[in-house]
J.: 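Pasting a structure below so you can have a look.
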2 protein chains.
Amino acid sequence: MLNFHVMKEGKPTTIKEIAKRLKISPSTVSRALNGHPSIGLVTTMRVKQVAEELNYEPNQTAIFFKQRKTFTIGVVLPRLSEPFFAEAISEIENVANERKYTVIMGQSLDDQDRERRILQTLKTHRVDGLLMSIGKNTHDYSFVEWLESANIPVVFFDCVPDVDHTYQVVSDLTAGMFEAIDLFVSCGHRAISLINGPVKRPESRERETAYRKGLERQGISFEQAYVVHTDLTQQGNEAAIAQLLTLPDRPSAVVSFNDYVTLDVMKAVRQRGLTLNQDIHFISYANYPLWKYMENPPMASIEQFPGKQGKKAAELLFELMEAKDKPQPSKTVFKSRLIHQNS
Amino acid sequence: MLNFHVMKEGKPTTIKEIAKRLKISPSTVSRALNGHPSIGLVTTMRVKQVAEELNYEPNQTAIFFKQRKTFTIGVVLPRLSEPFFAEAISEIENVANERKYTVIMGQSLDDQDRERRILQTLKTHRVDGLLMSIGKNTHDYSFVEWLESANIPVVFFDCVPDVDHTYQVVSDLTAGMFEAIDLFVSCGHRAISLINGPVKRPESRERETAYRKGLERQGISFEQAYVVHTDLTQQGNEAAIAQLLTLPDRPSAVVSFNDYVTLDVMKAVRQRGLTLNQDIHFISYANYPLWKYMENPPMASIEQFPGKQGKKAAELLFELMEAKDKPQPSKTVFKSRLIHQNS
DNA sequence: CTGTTAGCGCCTTCAC
DNA sequence: GTGAAGGCGCTAACAG
């Protein structure tokens with residue numbers, strides 16, 4: 001267990017004091033404290049001894065200043081209250097912690113201006129590196145170049161900008177979609193719908209492509225009416241499912257954009273008197289941690305491994321920060337996996 | 001929208017460069033940049049002009065060093081993946097953000113040693129202030145004195161140490177418990193149980209006291225058998241409800257320690273073939289954001305307002321940091337409130 | 001092995 | 001109004 005020494009004095013001891021006491025030079029003290037090999041064992045011991053007594057603690061702000069390094073990484077993400085990001089940053093913090101770094105974080109709340117302000121602040125604070133998941137409304141990617149010119153290494157994760165020559169860690173939504181459709185088909189479903197997100201978002205496009213291919217693989221023909229979009233608001237989600245339920249050949253299986261959509265949709269379905277996992281079945285993206293407690297959870301979830309993504313992104317960032325010459329820009333892809341609920 | 005100027009150079013411009021270009025002294029530049037009144041309007045303008053052109057950005061690490069201030073506050077809490085803390089830190093970040101401060105955070109994961117290590121790191125990073133919710137296993141409060149001697153103002157929130165002369169922001173669990181019991185009684189329940197947390201934890205004691213008083217207010221006599229404890233593991237939670245269900249006069253209503261306990265307990269109840277909100281009713285602490293989607297949520301939740309707590313704690317901290325002479329140690333109490341689920 | 005010197009970038013007396 | 005000088009605490013190049 002660590003020991004906390006309580007100092008009486010207000011003024012923190014400096015390297016100079018120690019030097020004075022020992023009648024040696026500050027540099028020697030500095031070297032001794034940093035285990036420099038060229039310092040005699042005795043001196044080193046004596047210095048450490050006195051440092052201990054005086055309860056010396058190096059003034060990191062001075063060191064940061066001198067070394068042009070802050071041992072701090074910044075994390076910018078949309079919002080912490082999304083379990084996905086909470087989980088991701090949790091792992092990031094772990095990785096940073098192991099390496100004696102601290103984490104400064106900022107939530108963009110999907111507001112582009114706010115996001116830029118956070119970047120400014122983090123730059124001002126001279127973070128040594130940056131992890132970032134961009135907001136849903138960010139379409140101006142000029143900040144990438146700006147960060148580059150400021151020499152701040154960045155790794156994007158999850159929600160990444162459409163810019164070349166960047167480091168990215170993402171999850172491949174396709175694999176999960178295939179698994180989802182395969183599962184549905186193996187359970188006898190043919191009328192499989194997709195409740196997708198906003199049309200402009202890249203994730204939506206990726207999902208739709210995967211959905212089409214997934215059907216094709218199974219020899220099911222694509223029908224436009226089976227794909228609906230939501231703006232991700234509650235109203236939008238309800239409208240989306242409403243639209244599907246009025247189809248002449250009502251879908252018996254639905255893949256939906258994410259768990260929040262699914263929650264709204266399932267509730268709407270219940271309220272219409274349909275029985276979940278009987279009249280209609282769901283699979284959605286994200287794997288909200290609480291599904292396992294629900295009476296009628298989705299059949300399965302397409303897990304995106306926020307923890308793994310965060311960890312990997314952080315590790316990659318540290319590599320970048322340590323590397324003399326930057327490795328090639330890279331894109332790490334984690335295959336999403338279908339997780340079956342065993343309720 | 002903010003504008004990002006992209007610099008070609010790697011070396012950030014300093015105050016000196018500007019001075020050189022203008023053939024004036026660095027001090028003048030410094031003063032001009034800081035709007036010092038004694039500088040001529042023209043010079044000021046010209047300085048700002050050049051600063052703009054050269055894309056000058058003050059080196060904060062130098063300023064931190066000189067001013068002995070980092071414009072950074074630390075937040076230590078058990079784990080981000082708990083929605084309560086995610087919500088709290090989210091608000092904290094907001095408050096800090098408004099004041100141009102950044103937030104460094106660390107998760108103790110309820111590990112006392114890890115918690116201390118985080119405190120060390122934060123102190124090393126010279127945070128200007130600290131917000132802290134202590135871990136469940138922290139019983140050694142010596143760090144309080146240690147922080148005090150290091151002159152780092154601290155505000156504790158939610159899970160606070162049992163130490164006098166500290167600043168605390170907490171929620172009063174009693175009010176919610178009373179409301180809960182009143183609600184149960186008004187629905188005709190008499191056999192009301194409490195699934196409490198570990199005996200040693202202060203929150204458990206507080207809950208039990210409130211529970212007793214709550215019953216008393218309603219003229220119901222306290223029975224020891226109706227109070228069971230869980231160690232908050234899944235097994236513990238299941239054991240707790242199992243114990244209650246074997247009572248001769250099975251309780252029809254249960255207040256439980258928190259939502260995680262309730263989730264396990266409700267699941268166990270379902271698995272025994274009992275019907276939720278019919279055979280047995282629940283109220284629990286915390287108001288997990290997803291209750292509203294569940295088919296059979298608890299009747300109500302005792303909301304502890306993590307956002308409000310976080311915000312208040314942060315504001316209090318800023319007061320402390322700005323104050324010349326510290327205000328009296330204080331304990332801000334937010335009354336918990338019963339939130340009815342309208343499923 | 002150890003001491004001397006210098007300087008990181010900025011601010012702030014103290015002079016003029 | 002402006003400049004010169006010094007220093008925050010620490011490290012590192014250069015001398016011994």
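Chain naming here is simple, since letters A, B, ... match the order of the sequence lines and numbering starts at 1 in each. Owing to the predicted nature of the structure, the values given are computational and were not obtained by experimental measurement.
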J.: What's the CD1-P distance between I15(A) and dG3(C), to the nearest Å?
T.: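 So the two atoms are 13 Å apart, to the nearest Å.
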J.: Expressed in angstrom and rounded to an integer, what is the separation of L33(A) atom CG from dG9(D) atom C1'?
T.: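 Spelled out: CG on L33(A) to C1' on dG9(D) is 13 Å.
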J.: Is Y56(B) near enough to dC10(C) that one of its side-chain N or O atoms lies under 4.0 angstrom from OP1 or OP2?
T.: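 True: Y56(B) side-chain N/O within range (under 4.0 Å) of dC10(C) OP1/OP2.
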J.: May I have the distance from Q67(B) (atom CD) to dG9(C) (atom C1'), rounded to whole angstrom?
T.: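 Atom-to-atom, Q67(B) to dG9(C), this comes out as 12 Å.
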J.: Just checking S38(B): base, sugar-phosphate only, or nothing, at a heavy-atom cut-off of under 4.0 Å?
T.: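 The residue S38(B) makes base contact.
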J.: Closer than 4.0 Å, any side-chain N/O of N34(B) to the OP1 or OP2 of dC11(C)?
T.: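 Answer is yes, contact under 4.0 Å.
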J.: Should I89(B) and M105(B) count as side-chain neighbours, where that means a heavy-atom distance under 4.5 Å?
T.: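 Result yes, sub-4.5 Å side-chain heavy-atom pair found.
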J.: Starting at NE2 of H36(A) and ending at C1' of dA12(D), how long is that distance when rounded to a whole Å?
T.: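 Going from H36(A) (NE2) to dA12(D) (C1'), I get 10 Å.
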J.: Without decimals, in angstroms, what is the distance between N59(A) CG and dC8(D) P?
T.: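 Going from N59(A) (CG) to dC8(D) (P), I get 12 Å.
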J.: Apply side chain to side chain contact (heavy atoms under 4.5 Å, CB included) to residues F318(A) and R99(A) and explain how you reach the verdict.
T.: CA-CA 9 Å; F318(A) 278 104; R99(A) 290 171 170 73; 3.3 Å; yes
J.: Without swapping roles, check the side chain of Q107(A) against the backbone of S90(B) for a donor-acceptor pair under 3.5 Å.
T.: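 Looks like yes, one N/O pair under 3.5 Å.
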J.: When you compare the side chain of F85(A) with that of F157(A), does any pair of heavy atoms fall below 4.5 Å?
T.: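 The answer is yes, as the side chains (C-beta and beyond) meet within the 4.5 Å cut-off.
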J.: What is the separation between atom CZ on F64(B) and atom C1' on dG9(D), rounded to the nearest whole Å?
T.: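 The answer, rounded to whole Å, is 17 Å.
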J.: Would you classify T43(B) as touching base, sugar-phosphate or nothing, given that sugar-phosphate means primed atoms plus P, OP1 and OP2, and contacts are heavy atoms under 4.0 Å?
T.: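 Since only primed, P, OP1 and OP2 atoms lie under 4.0 Å of T43(B), the category is sugar-phosphate.
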J.: Would you check if T166(B) and E148(B) make a side-chain contact, meaning some heavy-atom pair closer than 4.5 Å?
T.: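 They are not in contact (no side-chain heavy atoms under 4.5 Å apart), so the answer is no.
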J.: Record whether the side chain of R68(B) comes under 3.5 Å of the base of dG9(D) through a donor-acceptor pair of N or O atoms.
T.: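 No.
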J.: Specify the residues of residues 17-30 of chain A, ordered by number, for which at least one heavy atom lies under 4.0 angstrom from an atom of DNA chain C.
T.: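 The answer is I24(A), S25(A), S27(A), T28(A).
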J.: I want to confirm an ordering. Mapping K66(B) and R31(B) to their closest nucleotides on DNA chain C, which one lands closer to the 5' end?
T.: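 Between the two, 5'-proximity favours K66(B).
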J.: F65(A) has an atom CZ; how far is it from atom P of dG9(D), in whole Å?
T.: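 Atom-to-atom, F65(A) to dG9(D), this comes out as 13 Å.
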J.: Given dC8(C), dC10(D), dC10(C), identify the nucleotide with an atom nearest to the side chain of A62(A).
T.: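 Ranking dC8(C), dC10(D), dC10(C) by closest atom to the A62(A) side chain puts dC10(D) first.
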J.: Sub-3.5 Å donor-acceptor pair from the side chain of Q309(A) to the main-chain atoms of D158(A), do we have one?
T.: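 Here the side-chain-to-backbone pair exists.
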J.: Check S142(A) against R116(A) and note the closest heavy-atom contact, atom names and distance.
T.: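 Shortest heavy-atom separation between S142(A) and R116(A) comes out as OG-NH2, 2.8 Å.
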J.: Distance check needed: dC11(C) C1' versus K69(B) NZ, whole Å only.
T.: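 Atom NZ in K69(B) sits about 16 Å away from atom C1' in dC11(C).
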